[in-house]
Amino acid sequence: MELSAKYNPSEVEDKWYAYWQDHKFFHSEPDSREPYTIVIPPPNVTGILHMGHVLNNTLNDVLIRKARMDGKNACWVPGTDHASIATESKVVAKLKGMGISKEDLTREEFLKHAWEWKEEHGGIILSQLRKLGCSCDWDRTKFTMEPELSKAVINTFVYFYKKGLIYRGVRMVNWDPVGLTAVSDEEVNHKDTASKFYHMKYFISDGNGNPTDKYIVVATTRPETIMADAAVCVNPNDERHHWLKGKKVLIPLINKEIPIIEDDYVEMDFGTGCLKVTPAHDAHDYEIGLRHNLPVLDIIDDHGRLNEKAQILVGEDRFDARNKIAKMLEEAGNIDHIEDYTSPIGYSERTNAVIEPKLSAQWFLKMEDLAAMALDSVESGNVKLIPDKYRNTYRHWMETVRDWCISRQLWWGQQIPAYYLPDGKVVVEATPEAALKAAQAIDPALGMDDLRQDPDVLDTWFSSWLWPISVFDSNKAGHPEAEPNSDLAYYYPTNDLVTGPDILFFWVARMIMAGDEFMKEVPFRNVYLTGIVRDKLGRKMSKTLGNSPDPLDLIAKYGADAVRIGMLLCSSAGNDIFYDESQVEQGRNFCGKIWNSFRLISGWEHSAGVETPEAAKLAVKWFENRLSQTIELVEDHYSKFRISDALMAIYKIFWDDFCAWYLELVKPAYGCAIDETTYQATLGFFEALLKMIHPVMPFITEELWQAMADRKEGETIMYQPTPKAGAWEACVLDSFDLAREAVMSIRSIRQQKNISPKEQFALKIKGDFPMEFAAVVAKLANTSSIEKVADFGQDSGASFMVKTVEMFVPLAGFVNVEEELAKLRKDLEYQKKFLENVRKKLSNESFVAHAPEKVIAVERQKEADSLSKIESYESAIKALENNK
RNA sequence: GGGAGCUUAGCUCAGUUGGUUUAGAGCAUCUGCCUUACAAGCAGAGGGUCGGGGGUUCGACUCCCUCAGCUCCCACCA
């Protein structure tokens, strides 16, 4: 087969991906083999591939391909997430562009548009994953809002409701005025934000609603909410404010009379010690209001605008209102002073809108027991977090978790299966029919038209927490007593989960809860938490910064294998990834190296009639050992999820050991054929290396594996067994290392003295050198003869040490004696200093008394080696001096 | 405000219960090479008092204290 001079990824990638898919190589069905299962962290259905996905899915694919080659029944379930807020806002925006407002549509009409959008744009990301080479079982692709999975979600809601863990209550929630929905505590990011601290004068009322000349100063960052004030609160122990007891003050501008109350909550040394209490617009104030029976006046509408209850500035946006009211207060003489102030402000994770605390009726899931179970699963090690440091964070979160607000005021999602009766009672059932039946048990006269289903949908995470269960068996979630179907019984629990630490709580913890509840078993054994992909300046990748490359462009430019390598090279678990295109270049270069090494091998003529040269015999023997050693190392790395270390180990054995040393050793002379034995061994090694690197570089390895022999249709490297380590001998590797170092020393001498590699010279060795490896040195260092001698004689030349072996190359005519002497004296000096240090240690009585035998023996060996080196250097110097 | 983690060559990171020469890798750098697989390459070389200070120990990159810097998580002082 003719190989092009350069590797052309784009041709190769599409060809083999189609081949894999046509042969259903990614598909898994339960059988007698051990399962290895991964469920994809479902990306947003409307999302497009970014570098974070590339990292995450490359890791997933490496794990799944490795498991497949290890003989496991590997199943990687792909799918997408309906992402209520994100998708709904995209659909709303699209409709707006068409001149349609959501308010003008019925729920059904809107959902029709949304599904159309989903069909059109959804799943783009899944096709992008194919470009990356991901070996997902596409026949199992799931979507969190498809009917079966929605059924699981509804059943789960009904289950927890009937268990008494789901309740509806009026609470202060985090309201997103842009997304027009409540969001959970976890979906709020607090960021320090510069603002103003307004110190306002509230005048004391004379009792008839008229101001006296006395006033108190109240400080707030939100003057636009003063109209909703229900009281001014001071600390009962604050003597400065005792005179206020029983008095009333007037809200500026609207002159409404409100009482002075006392509550411990108020800090005496913060602000002025006077707190304006606004129960409708602050969670703490709401609590105070409850304690003191204060009225709740909600003056902000769902869009964050002042409503008619505010009396003034009605219809103004809260931030505009803030600026305007500040001016009005100023003009009315109610501003004492204004300070610059920085305070933590909550922003919506999805829309980045400033969160408005808002009182509303929402559905909640009690978390206490679920969190306790989920905490125990991690503490007991049933679920391992990698890296382990996340355990602390996880524990902290589980111990302080609050009830989960699961309702969202949206249409895109699973509608809450709660049905209100005319009298306000509620029934919760999985279907309208069941709900009617339950309603009729209360009042037999009721008909379907009397039931009104709660308009809210469930939080998206309320579907994705079931993912590892529901992708296999949509009946099991919500029915812990049900028998799992054969898929679930076989594939659950899954093995490893690869995801970002940012969704450790949103998703990972909750999956553990759902697993505990419905399966009595954790959903996965290991959670590998990747870092966040940043640019090389450490900035998060973002659209606005424009620092996020399009992975598909990178794949087109460098090839998918190169992109995968580029991501993995810099990705130790849990550390942020500093992405730089040069890493992808490194991946591309590695592809080139592999490609060219095969071009070399495949171009050799081979013949059984050629005798195996000594150097080739040694090379094969050495590489067998080296390969086994590396396989062990790689397996060890994999077992600890040190994927980039595993990759680096294979990278090095391929590039350094195989290409730079092995191939150079077995390479036949120009125009000559290689012997059959070595040729076959070489092909065997090359194939083993391809298999080892295949999980990371699926495309080029398939291309070359197919090219290196006459493969049958339906054969693939994907299902070749991972090479197994044989026994290896350290002494073979050590001996080879001595030979290798000798070669490097000689090359170095050539370079220093500007001697051509073609110039042959002799090598003399004094000391314990494995002469059976002489052929290695001879071939790669181009020596004319190698012999062991007792004495180097009087020739001029260069002497050097390889470990403790003394070597010498006679180089009459090439050597500058003074330079040689200077170099030797420098080495001698270094060695003497070293000896001094060792001896200092050995003469330390405490050391000899306390250190273990082994350590002392090592030190004595160092001393002996050092002494022999010093002796060598001294005699070499003497010889040179005599030669002058 | 509370908690966790990090700080080792120019960059990104290893360094496994303290002890194998005076700390390793990849990339980058420098020097010499168009050597018949590969210049996206080959050969060779240089580069770090392991953030500062103190302590424990015969011995500290490794354990303890402290200071400094960075990162992340949690947190409604108006």
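Every value quoted in this text rests on a predicted model; they were computed, and no experiment measured them. Numbered from 1 within each chain, the chains take letters A, B, ... in sequence-line order.
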Taking pairing as Watson-Crick or G-U wobble with both contacts under 3.5 Å, can you name the mate of [N], or confirm there isn't one?
{"N": "A23(B)", "value": "none"}
{"N": "A4(B)", "value": "U71(B)"}
{"N": "G44(B)", "value": "C30(B)"}

Within the 4.0 Å heavy-atom criterion, would you say [X] contacts the bases, only the backbone, or no part of the nucleic acid?
{"X": "Val848(A)", "value": "nothing"}
{"X": "Lys753(A)", "value": "nothing"}
{"X": "Arg750(A)", "value": "nothing"}
{"X": "Thr393(A)", "value": "sugar-phosphate"}
{"X": "Phe270(A)", "value": "base"}
{"X": "Lys758(A)", "value": "nothing"}
{"X": "Lys854(A)", "value": "nothing"}
{"X": "Lys652(A)", "value": "sugar-phosphate"}

Expressed in whole Å, how much space separates the [atom1] atoms belonging to [N] and [M]?
{"N": "U16(B)", "M": "C63(B)", "atom1": "P", "answer": "9 Å"}
{"N": "G55(B)", "M": "U71(B)", "atom1": "C1'", "answer": "28 Å"}
{"N": "G44(B)", "M": "G53(B)", "atom1": "P", "answer": "38 Å"}
{"N": "U49(B)", "M": "C58(B)", "atom1": "P", "answer": "29 Å"}
{"N": "G48(B)", "M": "A39(B)", "atom1": "C1'", "answer": "31 Å"}
{"N": "A23(B)", "M": "C33(B)", "atom1": "P", "answer": "33 Å"}
{"N": "G18(B)", "M": "A60(B)", "atom1": "P", "answer": "13 Å"}
{"N": "C61(B)", "M": "C13(B)", "atom1": "C1'", "answer": "14 Å"}

Q.
Once hydrogens and angles are ignored, does a donor-acceptor distance under 3.5 Å link the base of U12(B) to the side chain of Gln583(A)?
A. no
- Item | Donor-acceptor pair under 3.5 Å, Gln586(A) side chain vs A28(B) base | no
Side-chain contact check for Cys659(A): nearest option of A25(B), A37(B), C73(B) is A37(B)
Taking G41(B), A37(B), G5(B) as options, the one with an atom nearest any side-chain atom of Asn392(A) is G5(B)
Could you state the [atom1]-[atom2] distance from [X] to [N], rounded to the nearest angstrom?
{"X": "Ile503(A)", "N": "C72(B)", "atom1": "CD1", "atom2": "C1'", "result": "16 Å"}
{"X": "Ile565(A)", "N": "G26(B)", "atom1": "CD1", "atom2": "P", "result": "15 Å"}
{"X": "Asp656(A)", "N": "C27(B)", "atom1": "CG", "atom2": "P", "result": "8 Å"}
{"X": "Leu842(A)", "N": "G59(B)", "atom1": "CG", "atom2": "C1'", "result": "13 Å"}
{"X": "Arg599(A)", "N": "C38(B)", "atom1": "CZ", "atom2": "C1'", "result": "7 Å"}
{"X": "Met567(A)", "N": "U12(B)", "atom1": "CE", "atom2": "C1'", "result": "13 Å"}
{"X": "Asp502(A)", "N": "C73(B)", "atom1": "CG", "atom2": "C1'", "result": "12 Å"}
{"X": "Glu267(A)", "N": "G1(B)", "atom1": "CD", "atom2": "P", "result": "14 Å"}

Backbone N or O of [Y] within a donor-acceptor pair of the [X] side chain at under 3.5 Å?
{"X": "Arg599(A)", "Y": "Lys6(A)", "result": "no"}
{"X": "Asp580(A)", "Y": "Gln583(A)", "result": "no"}
{"X": "Gln752(A)", "Y": "Ile749(A)", "result": "no"}
{"X": "Asp636(A)", "Y": "Glu632(A)", "result": "no"}
{"X": "Asn235(A)", "Y": "Glu267(A)", "result": "no"}

OP1 or OP2 of [N] versus the side-chain N and O atoms of [X]: is any pair under 4.0 Å?
{"X": "Tyr341(A)", "N": "A78(B)", "value": "yes"}
{"X": "Tyr651(A)", "N": "C27(B)", "value": "yes"}
{"X": "Lys389(A)", "N": "C6(B)", "value": "no"}
{"X": "Trp397(A)", "N": "G2(B)", "value": "no"}
{"X": "Arg588(A)", "N": "A40(B)", "value": "no"}

Q.
Less than 6.0 angstrom separating the ring centers of His396(A) and Tyr394(A), yes or no?
A. no
How about Tyr662(A) and Phe658(A): are their ring centroids closer than 6.0 Å?
yes
Comparing nearest nucleotides in RNA chain B, the 5'-proximal residue of the pair Ala283(A), Ser748(A) is Ser748(A)
Comparing Lys640(A) with Trp655(A), nearest RNA chain B nucleotide closer to 5' gives the residue Lys640(A)
* Asked: Looking only at side chains, do Ser184(A) and Glu187(A) share a donor and an acceptor under 3.5 Å apart?
  -> yes
- Query: By centroid distance (under 5.5 Å) and plane angle (under 30°), are Tyr830(A) and U22(B) in a stacked arrangement?
  - Reply: yes
